[in-house]
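Worksheet: the structure to be examined is printed underneath.
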There are 2 protein chains.
Amino acid sequence: MKAVAPSEVEQRLEYLRLACRNTGMRMTHQRMEIFHEVAQCNEHPDAETIFKRVRERMPTVSHDTVYRTLASLEEMGLVRRVETVAGRARYDANGDTHHHFVCTRCGQISDFYLEQEPSIPKGIEELGRAESLQVQVRGICHNCKNN
Amino acid sequence: MKAVAPSEVEQRLEYLRLACRNTGMRMTHQRMEIFHEVAQCNEHPDAETIFKRVRERMPTVSHDTVYRTLASLEEMGLVRRVETVAGRARYDANGDTHHHFVCTRCGQISDFYLEQEPSIPKGIEELGRAESLQVQVRGICHNCKNN
DNA sequence: TTCCTATATAAGAACTATTCTTATTTGGAG
DNA sequence: CTCCAAATAAGAATAGTTCTTATATAGGAA
């Protein structure tokens with residue numbers, strides 16, 4: 001899985017600075033590191049993975065800080081919590097409209113894009129006020145298929 | 001939320017009998033009760049809810065049996081594990097092709113149907129072998145909107 | 001029907017993901 | 001630099017799920 005382009009990562013970090021300024025949240029080292037970790041990869045890592053990676057550079061960071069920071073980032077709209085496959089929430093810093101291919105064997109989630117975005121179906125207003133639409137394709141990724 | 005029609009429940013129970021016969025799994029009282037509980041409602045209940053309801057009629061049923069049975073039913077294709085909203089898996093015995101409206105406030109999941117099913121998008125084969133496609137609409141349900 | 005045994009179960013301990021508590025530290029305004 | 005509300009570290013607590021072990025039972029065989 002290829003990494004996110006450095007310019008894109010830099011732009012995402014700039015959004016973080018802006019969002020902190022706008023909401024009055026402090027721009028702590030921990031927030032920088034945690035967001036950077038999510039922003040630089042497109043593997044939709046879970047909290048434990050992020051915790052371990054951040055801990056390599058910041059050995060005293062705590063679980064709580066990682067979970068709390070991810071929740072804050074989600075509130076600020078900088079990351080999205082993605083469907084959980086087996087008990088663990090996963091996070092995605094890709095703000096573009098996109099969809100997910102979920103491997104039902106290993107849980108890996110890959111982004112894909114549609115040429116034409118589907119519209120919110122008629123009849124949804126009976127159920128509630130729609131805010132977003134996402135297509136999820138489930139299947140077995142190539143890696144798992146080849147064992 | 002209206003209940004599932006009795007004839008439909010009966011048909012789902014018939015599928016269970018068939019599936020048990022085909023796979024050599026035993027048709028235990030617990031499996032009957034647990035599946036019946038999922039099959040008769042369309043609220044996509046979570047395991048704890050199912051546990052409590054089954055326990056009313058079967059006071060000694062254990063958590064483990066409920067979780068284990070739901071996993072077996074999923075393997076047999078009789079129920080589907082639905083995206084978790086806040087840590088809890090939810091289950092759905094509606095075998096028809098359908099899609100979900102998820103309330104991001106209360107977690108309630110409602111089914112909806114599309115007049116025309118979307119096809120698996122081109123380009124997915126790069127990621128893996130697709131098996132199913134589901135549209136998820138997120139928003140706030142009427143109940144939550146009116147507090 | 002009764003017997004047999006692999007499969008399933010109950011009970012509760014254990015495990016895993018996440019959140020809470022409390023004492024301490026720190027970003028950033030003034 | 002000083003101050004303090006906000007954020008953090010550490011680890012306890014909680015919630016959801018799975019595992020362990022002794023017991024029970026579905027369903028085939030006799």
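Predicted, not measured: the structure shown is a model, and the values here were computed from it. Order of the sequence lines sets the chain letters (A, B, ...), proteins ahead of strands, with each chain counted from 1.
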Apart from [X] itself, residues in the same hydrophobic cluster as defined by side-chain heavy atoms under 4.5 Å:
X: B:Y113; answer: none
X: A:I140; answer: none
X: B:L18; answer: none

Self-check item: Qualifying residues under side-chain contact (heavy atoms from CB on, under 4.5 Å), relative to A:S132, sequence neighbours excluded
Solution: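 Result, side-chain contact (heavy atoms from CB on, under 4.5 Å) vs A:S132: B:R138.
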
Round to a whole Å and report the spacing from [atom1] of [X] to [atom2] of [N].
X: B:M32; N: D:dT25; atom1: CE; atom2: P; answer: 17 Å
X: B:L73; N: C:dA8; atom1: CG; atom2: P; answer: 12 Å
X: A:E33; N: D:dA7; atom1: CD; atom2: P; answer: 18 Å
X: B:N22; N: D:dG27; atom1: CG; atom2: P; answer: 14 Å
X: B:L70; N: D:dT18; atom1: CG; atom2: P; answer: 10 Å
X: B:Y91; N: D:dG16; atom1: OH; atom2: P; answer: 13 Å
X: A:M58; N: D:dT8; atom1: CE; atom2: P; answer: 9 Å
X: B:E75; N: C:dA8; atom1: CD; atom2: P; answer: 11 Å

For [N], take OP1 and OP2 only and decide whether either is under 4.0 Å from a side-chain N or O of [X].
X: A:Y67; N: C:dT18; result: yes
X: B:R68; N: C:dA8; result: no
X: B:T65; N: C:dA10; result: yes

Quiz item: Between A:H44 and A:D111, do the side chains contain an N or O donor and an N or O acceptor separated by less than 3.5 Å?
Solution: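 Yes, a side-chain donor-acceptor pair sits under 3.5 Å.
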
Quiz item: In degrees, rounded to 10°, what is the bend between the two ends of the helix from C:dT1-D:dA30 to C:dG30-D:dC1, using five pairs at each?
Solution: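 Computed from the C1' atoms at both ends, the axes differ by 30°.
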
Quiz item: Taking only residues two or more places apart in sequence or in another chain, which ones pass ring pair (Phe, Tyr, Trp, His ring centres under 6.0 Å) with A:H99?
Solution: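 Counting only residues at least two positions away or on another chain, A:H99 forms a ring pair (Phe, Tyr, Trp, His ring centres under 6.0 Å) with A:F112.
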
Quiz item: What is the per-nucleotide protein-contact pattern of nucleotides 21-30 of chain C, from the 5' end, where B denotes a base atom under 4.0 Å from a protein heavy atom, S denotes such proximity for sugar-phosphate atoms only, and - denotes neither?
Solution: -----BBS--

Quiz item: Does any pair with a residue in residues 4-25 of chain A pass salt bridge (charged side-chain N to carboxylate O under 4.0 Å, His left out), and if so which ones, sequence neighbours excluded?
Solution: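 Listed by first then second residue: A:E8-A:R12, A:E10-A:R17, A:E14-A:R17.
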
Quiz item: Which residue pairs satisfy the salt bridge (charged side-chain N to carboxylate O under 4.0 Å, His left out) criterion with at least one member in residues 116-130 of chain A, sequence neighbours excluded?
Solution: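 Salt bridge (charged side-chain N to carboxylate O under 4.0 Å, His left out) check on residues 116-130 of chain A returns no pairs.
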
Self-check item: Residues in salt bridge (charged side-chain N to carboxylate O under 4.0 Å, His left out) contact with B:R80, at least two apart in sequence or another chain
Solution: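 Salt bridge (charged side-chain N to carboxylate O under 4.0 Å, His left out) list for B:R80, sorted by chain: empty.
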
Self-check item: salt bridge (charged side-chain N to carboxylate O under 4.0 Å, His left out) involving B:R55 - partner list, sequence neighbours excluded
Solution: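 None.
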
Quiz item: Of all the nucleotides listed (C:dA11, D:dT17, D:dA7), which has the minimum atom distance to the side chain of B:R55?
Solution: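 Between C:dA11, D:dT17, D:dA7, the one nearest the side chain of B:R55 would be C:dA11.
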
Exercise. Strictly below 4.0 Å, heavy-atom distances to any atom of DNA chain D: list the hits from residues 9-18 of chain A, or just say none.
Key: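 Correct list: empty, so none.
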
Quiz item: Checking side-chain contact (heavy atoms from CB on, under 4.5 Å) for the pair B:E37/B:T49: CA distance, chi angles, key distance, verdict?
Solution: CA-CA 10 Å; B:E37 202 51 58; B:T49 303; over 6 Å; no

